[in-house]
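Remarks on the structure that follows.
The chains referred to below are lettered A, B, ... by the order of the sequence lines, with proteins before strands, and numbering in each begins at 1.
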There are 2 protein chains.
Amino acid sequence: MNAPRPNAPQGARARARIEVTAAIKDEARRQLAAEGAAKLSLRAVARELGMVSSALYRYFPSRDELLTALIIDAYDSLGAAAEAADAKAAGAVPAERWVAVCEAVRGWALAHPHEYALIYGSPVPGYSAPETTIPSAARVGLLLIGIVRDAYQRNGVARTPLPAELKPEAQRMAAALAPDLPPEAIASMIAAWAQLYGLVGFELFGQFNKVVEDREAFFRHAAARLAHEVGLVFS
Amino acid sequence: MNAPRPNAPQGARARARIEVTAAIKDEARRQLAAEGAAKLSLRAVARELGMVSSALYRYFPSRDELLTALIIDAYDSLGAAAEAADAKAAGAVPAERWVAVCEAVRGWALAHPHEYALIYGSPVPGYSAPETTIPSAARVGLLLIGIVRDAYQRNGVARTPLPAELKPEAQRMAAALAPDLPPEAIASMIAAWAQLYGLVGFELFGQFNKVVEDREAFFRHAAARLAHEVGLVFS
DNA sequence: CCAAAGCAAGAGCAGTGCTCTCTAATGTGG
DNA sequence: CCACATTAGAGAGCACTGCTCTTGCTTTGG
């Protein structure tokens with residue numbers, strides 16, 4: 001008699017499937033956080049879940065597919081953290097929002113080092129991220145573009161002139177990413193975006209050992225300089 | 001009668017040892033370049049060399065030790081490439097030497113992606129680089145400091161004032177790395193150093209796919225902006 | 001109600017890092 | 001010059017990995 005409720009799609013089996021899939025990802029994420037991507041073992045995940053390793057292949061066709069799922073989750077987690085930080089700084093001037101987002105990225109990276117390494121470190125060998133990851137991967141970049149856009153619509157942004165050889169490329173990038181913004185701003189914003197991850201990566205991967213001690217202050221200043229480089233002003 | 005020549009240290013056995021050690025590293029480097037660090041297999045190296053895997057442990061006590069040797073070599077190779085680029089630009093102004101070194105780093109990274117990933121990507125899981133790597137790892141950084149020093153001794157460098165919270169740290173860094181240079185220059189130089197690797201890493205690890213097309217021009221401009229940020233001027 | 005599809009389990013293959021034991025070649029001191 | 005000690009290599013073996021295939025069992029939809 002009682003028909004399946006709409007939030008119970010396709011009966012108990014399908015529900016079990018999403019639950020098991022989630023459990024696998026959770027356990028995999030635990031191992032990832034504990035030991036790093038290369039030591040993530042399908043067999044160990046299955047063992048911990050009380051199932052046999054071959055059963056796991058019903059849910060993820062290969063180890064790489066599992067990693068892809070974790071990569072997307074990591075991008076989304078980082079993106080959400082960055083967006084939350086931006087929302088919290090909603091009232092501030094764009095330059096301060098920029099710094100807030102940079103600090104959120106750094107904070108997330110320090111809290112999830114192995115997941116950060118998974119998405120921004122060396123790509124897992126022989127593995128190249130599929131198209132599926134693109135939307136999640138783009139979130140932080142889009143957020144930064146949004147901040148620059150807000151600044152531009154308020155007061156405009158300071159423009160550093162581009163060399164002739166870069167003008168066509170900058171115009172192309174602007175047309176593709178933010179046609180309403182000046183190419184100079186887009187070009188410097190993309191450079192700053194990449195440089196942000198240089199700062200975070202160096203701290204995370206130990207390159208700052210015995211070099212930078214007060215990393216929090218160092219990073220805050222560097223992020224502020226990046227904002228300045230993009231043309232944002234602290235009012 | 002004929003005593004062992006001085007360039008044949010400790011007889012034939014020791015000589016064979018260095019040769020075999022070198023052969024192992026060479027083959028390992030080949031596999032590293034072909035497949036990446038995680039797929040580097042001791043057994044495959046041994047197989048290729050016509051020896052049995054256990055024999056390899058006479059030369060490297062573990063896979064990690066082999067990787068460490070490769071890491072040091074990679075750092076040295078990169079450092080040599082950077083130094084060569086600097087030497088070639090010896091006559092130019094410091095800002096141009098800076099850009100030349102940056103481009104050399106990028107060029108080396110594009111030519112040796114897996115080795116670059118080995119040293120600047122995520123550290124190999126569970127592995128932390130031992131002290132032995134430090135001197136080789138420092139070469140590019142020291143080179144950049146040298147360029148800033150030359151600029152400072154010629155015309156001085158443009159100084160961007162530091163926020164109060166960063167002053168002590170900047171003074172500490174300057175005292176440790178280059179007591180003869182102003183703290184502002186050292187602080188911005190270290191940030192630029194890290195940011196350089198953000199630019200290279202993003203390009204190498206595919207983050208610029210569908211975003212930046214003319215990467216050469218983009219990078220050159222970004223490197224020039226870094227030089228400017230450090231206080232170097234293109235005269 | 002019954003065939004079809006989904007699922008878990010087990011065995012098995014080829015590969016890995018690493019250890020241990022044994023033999024043979026190579027050095028070295030008396 | 002020879003006995004002893006050191007060292008290189010070989011082979012077997014352990015515990016692990018990703019992945020495949022077959023075999024039954026359970027759920028599901030017509």
For the base of C:dG17, is there a side-chain donor-acceptor partner from B:Arg43 under 3.5 Å away?
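Indeed, a donor on one side and an acceptor on the other fall under 3.5 Å apart.
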Between B:Gln31 and B:Lys39, is there a side-chain heavy-atom distance shorter than 4.5 Å?
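With C-beta onward as the side chain, the pair stays apart.
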Side chain of [X] (C-beta onward), nearest among [options]:
X       : options                : answer
B:Arg47 : D:dC16, C:dG12, C:dG15 : C:dG15
A:Arg58 : C:dC7, D:dC19, C:dG10  : C:dC7
B:Ser41 : C:dG17, C:dC20, D:dG18 : C:dG17
B:Tyr57 : C:dA9, C:dG12, C:dG17  : C:dG17
B:Ser53 : C:dC18, C:dC22, C:dC20 : C:dC18

Are any of the side-chain nitrogens in A:Arg172 or A:Glu169 under 4.0 Å away from the carboxylate oxygens of its partner?
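Counted as a salt bridge, because a side-chain N and a carboxylate O are separated by less than 4.0 Å.
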Report the distance from atom CD of A:Glu19 to atom C1' of C:dC7, rounded to the nearest whole Å.
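Roughly 15 Å, once rounded to whole Å.
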Please state how far atom CG in A:Leu42 lies from atom P in C:dT16, giving the value in whole angstrom units.
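These atoms are roughly 18 Å apart.
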Scan B:Phe60 against the nucleic acid and name what it touches under 4.0 Å (heavy atoms): base, sugar-phosphate only, or nothing.
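The residue B:Phe60 makes no contact with any strand.
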Which part of the nucleic acid, if any, lies within reach of A:Leu40 when heavy atoms closer than 4.0 Å are counted: base, sugar-phosphate only, or nothing?
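Counting heavy atoms under 4.0 Å across all strands, the contact made by A:Leu40 is with sugar-phosphate only.
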